[in-house]
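Worksheet: one structure, shown below.
Quick caveat, the model's predicted, so the values are computed rather than measured.
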Amino acid sequence: SPWIRDKRIHMGSGHSICSEQQLQSYVECTYFTRKEILRLYKKFCSLGPQKINSKTLDATTRLTVEEIANMQELRVNPFRHRICQVFSTDDSGLHFEDFLDLCSVFSDRCPQKLKASYAFMIYDFNGDSVLCSDDIKNVLNCYSDTLSDAELENMAKRVLTETVGVSSKAARITFQEFEQVLSRSFDFSNLFRFSV
């Protein structure tokens, strides 16, 4: 209806930041309520206040990976830069909708299967839809940059052997195998989440 299309959502100061229709589409595409989405927009603006006008919804301005990676919820995560890369729709950073997607996947209400698919993408550094030895070495490097190449190679072989029973260079972990491993992990849902 035209009334809904013209109705504006206000954020405390009396200024409208987005249409009811736009906000409703965000509610339908995420695991957040309207109030949570408005709070997330405020958070997004606070990460780049010199770039974003907080009085109107700016869906095009992008914050750099570094600006998003430094938010309190990601700051100590060893995968913070990789997480931002996975959720960025291009190489120039994240716009609000990318940020909203990221926060939605890390929310408590996100289904385990969707969380698992994003965790897999985060670990799949080369983007070939399988986890190979190089991906595993990159994952290990995120945790510690003090491991030697020989240690990384040894650990990657061990992970592949324990997961798929093969330690050759051709060994790969598929999403289905990855998901099976996660299903045995009681902590995955607790570790793959944050509150904003």
Side-chain angles (χ1 to χ4, degrees), residues 23-44 47 59 62-91 93-144 155-156 158-160 162-164 171-196:
L23 186 59
Q24 185 58 37
S25 77
Y26 289 151
V27 168
E28 291 169 5
C29 295
T30 67
Y31 299 100
F32 294 119
T33 65
R34 305 151 75 85
K35 187 177 179 180
E36 290 168 328
I37 290 167
L38 293 172
R39 192 172 63 240
L40 285 167
Y41 185 68
K42 190 175 184 179
K43 172 106 177 160
F44 182 74
L47 297 172
R62 292 179 177 276
L63 297 180
T64 65
V65 164
E66 199 59 44
E67 288 168 320
I68 300 292
N70 280 324
M71 69 187 241
Q72 179 182 347
E73 296 79 4
L74 289 177
R75 193 174 298 141
V76 296
N77 189 313
F79 295 98
R80 64 189 172 278
H81 292 101
R82 180 68 184 145
I83 289 167
C84 292
Q85 290 168 348
V86 166
F87 283 93
S88 177
T89 50
D90 71 25
D91 292 333
L94 287 84
H95 57 65
F96 177 63
E97 291 176 2
D98 295 335
F99 178 75
L100 198 54
D101 287 343
L102 184 158
C103 293
S104 187
V105 168
F106 278 87
S107 77
D108 288 339
R109 291 178 227 133
C110 182
Q112 170 106 0
K113 187 159 182 92
L114 185 58
K115 285 180 178 287
S117 69
Y118 273 94
F120 187 82
M121 285 188 269
I122 291 165
Y123 288 0
D124 184 16
F125 280 82
N126 63 12
D128 64 354
S129 300
V130 292
L131 301 182
C132 64
S133 180
D134 287 341
D135 292 321
I136 295 166
K137 288 189 269 187
N138 281 323
V139 167
L140 295 168
N141 268 328
C142 284
Y143 286 112
S144 171
M155 291 174 85
R158 235 180 28 220
V159 168
L160 289 168
E162 290 177 18
T163 307
V164 294
R172 306 273 190 265
I173 299 172
T174 65
F175 174 69
Q176 290 74 24
E177 292 162 333
F178 181 78
E179 199 173 23
Q180 285 177 340
V181 170
L182 290 183
S183 71
R184 294 187 302 261
S185 168
F186 297 110
D187 284 348
F188 172 68
S189 289
N190 289 329
L191 295 173
F192 203 82
R193 72 178 176 93
F194 58 72
S195 298
V196 282

I need the [X] [atom1] to [Y] [atom2] distance, nearest 0.5 Å.
X      : Y      : atom1 : atom2 : result
Ile37  : Gln24  : CD1   : CD    : 8.5 Å
Cys103 : Ile68  : SG    : CD1   : 8.0 Å
Arg34  : Leu23  : CZ    : CG    : 5.0 Å
Phe192 : Leu114 : CZ    : CG    : 8.5 Å

Closest heavy-atom pair and its distance - [X], [Y]:
X      : Y      : result
Asp98  : Ser88  : OD2-CA, 3.9 Å
Lys115 : Val105 : NZ-O, 2.9 Å
Leu160 : Leu131 : CD2-O, 4.2 Å

Can you name the side chain to side chain contact (heavy atoms under 4.5 Å, CB included) partners of [X], sequence neighbours left out?
X      : answer
Thr174 : Gln176, Glu177
Ser107 : Tyr31, Phe32, Arg109, Cys110
Arg75  : Gln72
Glu97  : Tyr26, Ala59, His95

Under a 4.5 Å cut-off applied to non-hydrogen side-chain atoms, are [X] and [Y] in contact?
X      : Y      : result
Leu40  : Thr30  : no
Ser129 : Phe175 : no
Thr89  : Arg62  : yes
Lys137 : Asp134 : yes

Tell me, please, which residues at least two apart from [X] pass side-chain hydrogen bond (donor to acceptor under 3.5 Å, both in side chains).
X      : result
Ser189 : Gln112
Lys113 : Glu179
Thr64  : Glu67
Ser195 : none

- [ ] Go through the steps to decide whether Val139 and Phe125 satisfy the test side chain to side chain contact (heavy atoms under 4.5 Å, CB included), and finish with yes or no.
- [x] CA-CA 8 Å; Val139 167; Phe125 280 82; 3.8 Å; yes

Please table the atom pairs, donor to acceptor, closer than 3.5 Å between any side-chain atom in residues 76-87 and protein atoms at least two apart or in another chain.
unit_1	atom_1	unit_2	atom_2	d
Asn77	OD1	Phe79	N	2.7
Arg80	NH1	Asn77	O	2.9
His81	NE2	Glu66	OE1	2.8
Arg82	NE	Ile122	O	2.9
Arg82	NH2	Met121	O	2.9
Arg82	NH2	Asp124	O	2.9

Open item on the list: Which residues pass the ring-ring contact (aromatic ring centres under 6.0 Å, His included) test with Phe99, not counting sequence neighbours?
Closed with: Phe44

Open item on the list: How about CG on Asn190, more than 12 heavy atoms from neighbouring residues, nucleotides or ligands closer than 6.0 Å, or not?
Closed with: yes

TODO: Not counting sequence neighbours, which residues clear salt bridge (Lys or Arg N to Asp or Glu O under 4.0 Å) with Asp135? List them please.
DONE: none

Open item on the list: Strictly by salt bridge (charged side-chain N to carboxylate O under 4.0 Å, His left out), give each pair with a member in residues 185-196 just once, sequence neighbours left out.
Closed with: Asp108-Arg193

- [ ] Apply side chain to side chain contact (heavy atoms under 4.5 Å, CB included) to the pair Leu74 and Phe194, showing each step before the final yes or no.
- [x] CA-CA 8 Å; Leu74 289 177; Phe194 58 72; 3.9 Å; yes

Task: Validation row, ring centre Phe178 to ring centre Tyr123 under 6.0 Å - done: yes

